[in-house]
Amino acid sequence: MNDGQAPADRIEAISDDGDDIRVNQDLSCFPQNETSIAVNPRNSLNVVGGANDYRLGFGSSGFYSSFDGGRTYRDGILLFPSLPNGDNLDGGGDPAIAFDRQGYVYYANINFNRTDDTNGMFVSRSSNGGRTWSRPCVPEDTTPRNTTDNAGRCGPIGDTRTPGDGVLNFYFDNNTTADGSVPFNDKEYIAVGPRPAGVAPQCFGAFTHQPINCGSRPIGSDRIYVTWSLFHTFTSVATANVNIVMSYSDDRGVSWSPVKAISGNAPFCTPFPLPTSPTNCNLNQGSTPTVHPTTGALYVSFQNFNTPDENQYLVVRSTNGGRTFTRPRFVGSVFDVNYPISGRNSGQVGDPRNRPDCAARGQQDFRDVLTNSCFRVNSYGNIVVDKRGGTYANDLYVVISDNREGTPRKSNTNIYLFKSTNGGDNWARPTRVNNDVSRLTGFRDDPNNAQVVGNDQWFPWVDINTLGDLNVVFYDRRLDTNSTRHEWPTFSRQFPGNYLTWFWGAQCRVAPAGDDQQDDQQTGGDPNGCVVDSRLLPQPTAPVNPGGGRVAPQGQTRFPFRNFVISDVPSNMDYAFRAGIFIGDYNNVAVRGGLAYGFWTDARNGRSSRMQTGRNPICEQSDVYLDRYPARGAISDTGARTTDALFLKANCP
C-alpha cells in the first residue's frame, strides 16, 4: 500500500464512484452507527433500516425506509417515548428491526435520560413500511391506589394511544442522579415469527403486564420477541447481576408480557463473584433471538462471563412461545480475555490495561480495543435458524469473533461459525469464516514470546434464505498490509498495516453437492453443511477453562466460505465518532430471496481536524451504508488499490 496523499476532493470522487448507498440523508457532520436491516416479506421493494443517529446533537434512534428495493431512502428520528409527567426520553439507541408476515415493521430500542437513571425498553411499529411510526407511551396511572388494575391514559385528554403502547420495561429514577440506583435495560434485539402450535394469542395490562382480555385489539399474525440485558442495581462488583430477559407481544407490539429472565443455570457457569446459586449464569450480554418460520421455535444466543478465564457463548430454546426455556447449552469458548485493553496501566502486576493512548482519547478504562485503533470491540455475533424446515428444521448457525489467534500486543481477531443440527443441544467445532492467512505461534497469553501473522476481522452477522444460502458479513483489514501513515501520534500505531477497514462478505451454500446445476462450482452446495468438522461435541459438565494453547480451528486448511469485498472503498475509523472511540457494536445483513442486503457503519466521509483547531463543525463522522448483492455467487466490488492510501490521512478541504 502506498502512503501517498492527495486532496480531499479526490477522496470524495472515489467514494461516490461505486454501488454503495449512503442510507442516512442528513447533511450534518454528526455520526450514525450500529445498524439493523429488514425486508418486507409482502413487498421486497420495501427495505427498512435503523441506526444510532446523532444528527440532533445526541444519540437517538434513526430510521431509513426504502420503497425501491434499497436504492433510495427517506429517513428520520423515532418519536421519543412520552412520560406521565409530560417529559420524554430523548436518548435512544441499540436499534433492532423486524417485519411480521403481514408487512408490519417493528423497531426495538432503548431510551433513557442523560441526566439521571430513568430508562426503558420500547418498540415502535409502522403499518406503512416505515414512513411513520407509533410513539410508545409510558402511561399515567389514573387509579394509583389500586395496584391490581390497569386503568391509565397516555398524555393529555384526547390522546388516542393505548396506555402502555410499546412499553416492555420502564424504570423511573429514584433520586434524580445518574448513579445506577435503578436497573438499566441494555442491548436488545428483536425477532418475529409464528406462535407455536397450541399457543393462543394473549394481551397484557399496561401496569401489571398480567394477561387481560384482548377485546377488540387487533391480533397480529406473529408473536414479537425482544430479548435484552437487564443490569440490576448493585453497589459493588460483589453484587453484580446481569440477566438476559425476554418479553413478547401478540397484538402488534401494543402490550407486552411480563419481563422474564431466561439465562438460567448450567453446570459450566461459575458463580461470580458471590454465588446466589452455584451454577447461576448471571453475567451476560449481547443476546439475539431467532424464530423458526414454520414451527415457531424460539432460540436465543448470548455471551456469558461466569467462567474461570475465557468467556463462553450460550443458547437457550423455547418451543411453547416463551413460556418456558431449556437450560443454557454451551456453544463454545470465546477468547476475548487477551484483547488489547484501554486504560492507564496502574503498574500493578496483572493489570491488563496496555493502551494508554486510547485512554488519552477518551476511551473508557478496561474496554477491549484492536491493535492500531481505539474504538471499543466485542465478540458478539448472532444466531439464525435455517428457514427451510424438513431435514434442516433443527439447524442453527451462530457467528462470533474473538482473539484466539492473537495476543494483547498484536490482535488477530477472526470470524467463527458454530453449527448445531439438533436444535442447539450440541454444537460442532467452530469453522473460521474469513479465509486470509491467520497464524499464532506460541501462547496467546504470552505476547512477548508469541508470533502473530494476520489482520483483524470483527463485528460479524449471519443470515440464511430459504434456498440455503448462508451469508456472513464483517469488518476486515486484510487488504491493509504495510501502511504506516496514520491519524494519531505516538503509541496509536503499534504495527504497520491492519489500520484501514473494509466491509466484507462470505457465502456458503448449505446443501448436498450436486443437488442442482450450478455454473459456479463454489456455490453448488457444501456437503459438510459449511463446517470443517461437523462432529457434535458433548456438553460440558463443569466450568470450561481452555488454557493458553492451540484450540479449534487453529491450523484450519479448508475454507468453505468464499470471501469477497462489499464496500467500494476503505474507512479510517479514527474519523468516526469522537476521535474514533465508538463505531457501534454491530453491523447487519438481511437475506431475502436471491438478494443480500449488507448494512454497515462507514467512516469514508470523515476528515482530519487534528491540525485545524476551532473548526466548526468537526469533520469526524461516520455514515451508514448499504450494498445489495446476489445471495449466492457474489463477487468483490474491488480489491486493494493504490488510491486506498488516500484514506489514511485525509484533511478537511
Undergrad: If only side-chain N and O atoms count, and only distance matters, is there a donor-acceptor pair under 3.5 Å linking R404 with N412?
TA: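 Absent: no donor and acceptor within the cut-off.
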Undergrad: I want to check a possible cation-pi pair here: R478 against W504, using under 6.0 Å from ring centre and within 45° of the ring axis as the test.
TA: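 Pair R478/W504 counts as cation-pi.
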Undergrad: Taking F599's backbone N and O only, do any of them form a donor-acceptor pair with T35's side chain (distance below 3.5 Å, no angle check)?
TA: yes
Undergrad: Any side-chain heavy atom of T288 within less than 4.5 Å of one from Y380?
TA: no
Undergrad: I'd like to know if D585 pairs up with K187 as an ion pair, taking the criterion as any Lys NZ or Arg NE/NH1/NH2 lying under 4.0 Å from an Asp or Glu carboxylate oxygen.
TA: yes
Undergrad: List for me each residue that meets side-chain hydrogen bond (donor to acceptor under 3.5 Å, both in side chains) alongside Y416, sequence neighbours excluded, and say none if there are none.
TA: E405, N414
Undergrad: So does N434 get a backbone contact from the side chain of R432, meaning a donor-acceptor N/O pair under 3.5 Å?
TA: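 Checked: pair present.
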Undergrad: Can a salt bridge be assigned to the pair R361 and D574 using a cut-off of 4.0 Å between side-chain N and carboxylate O?
TA: yes
Undergrad: Can you find a pair of side-chain heavy atoms, one from P340 and one from N354, that are under 4.5 Å apart?
TA: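 Counting from C-beta outward, P340 and N354 do come under 4.5 Å.
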Undergrad: Are the aromatic ring centres of Y629 and F564 under 6.0 angstrom apart?
TA: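 Aromatic pair counts; centres sit under 6.0 Å.
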Undergrad: Are L396 and Y299 packed together at the side-chain level, in the sense that at least one heavy-atom pair is separated by less than 4.5 angstrom?
TA: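 SC-SC contact between L396 and Y299 confirmed.
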Undergrad: Ring centroids only, cut at 6.0 angstrom: are W600 and F503 within range, meaning strictly under it?
TA: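 Yes, the ring of W600 comes within the 6.0 Å limit of the ring of F503, centre to centre.
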Undergrad: Is V315 close to W427 at the side-chain level, that is, under 4.5 Å between some pair of heavy atoms?
TA: yes
Undergrad: Is there a side-chain contact between P95 and N109 (heavy atoms, below 4.5 Å)?
TA: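 Counting from C-beta outward, P95 and N109 never come under 4.5 Å.
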Undergrad: Output the distance between atom CZ (F302) and atom CD1 (I262), rounded to the nearest 0.5 Å.
TA: 6.5 Å
Undergrad: Would you give the length of the straight line joining atom CZ of F335 to atom CG of N311, rounded to the nearest 0.5 angstrom?
TA: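 Reported to 0.5 Å precision, the distance equals 10.5 Å.
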Undergrad: Check the orientation of Y586 and W461. Use parallel for under 30°, tilted for 30 to 60°, and perpendicular for over 60°.
TA: tilted
Undergrad: Main chain of A590, side chain of N471: is a donor-acceptor contact present, judged purely on distance under 3.5 Å?
TA: no
Undergrad: Side chains of V300 and Y225, heavy atoms from C-beta outward: is any pair under 4.5 Å?
TA: no
Undergrad: With a 4.5 Å limit on heavy-atom distance, are the side chains of L470 and Y397 in contact?
TA: yes
Undergrad: So for atom CZ, which belongs to R388, do other residues, nucleotides or ligands contribute more than 12 heavy atoms lying within a distance under 6.0 Å?
TA: yes
Undergrad: Do the non-hydrogen side-chain atoms of N282 and V242 ever get within less than 4.5 Å of each other?
TA: no
Undergrad: Any ion pair linking R509 and D526 (charged N to carboxylate O, less than 4.0 Å)?
TA: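 R509 and D526: not salt-bridged.
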Undergrad: Tell me if the aromatic rings of F268 and F330 count as close, with their centers under 6.0 Å from one another.
TA: yes
Undergrad: Under 3.5 Å, is there a donor-acceptor pair linking the side chains of N394 and N422?
TA: no
Undergrad: Any side-chain to backbone donor/acceptor pair from R429 onto D533? Under 3.5 Å, distance only.
TA: no
Undergrad: Answer yes or no for R376 and F582: cation-pi contact, defined as NZ/CZ to six-membered ring centre under 6.0 Å and angle to ring axis within 45°.
TA: no
Undergrad: Parallel, tilted or perpendicular: which describes the rings of W458 and Y475, with under 30° parallel and over 60° perpendicular?
TA: tilted
Undergrad: Please determine whether salt bridge (charged side-chain N to carboxylate O under 4.0 Å, His left out) holds for the pair K387 and D463, giving the CA-CA distance in whole Å, both sets of side-chain angles, and the decisive distance to 0.1 Å.
TA: CA-CA 10 Å; K387 301 177 174 65; D463 198 13; 3.0 Å; yes
Undergrad: What do you reckon, is OH of Y171 surrounded by more than 12 foreign heavy atoms closer than 6.0 Å?
TA: yes
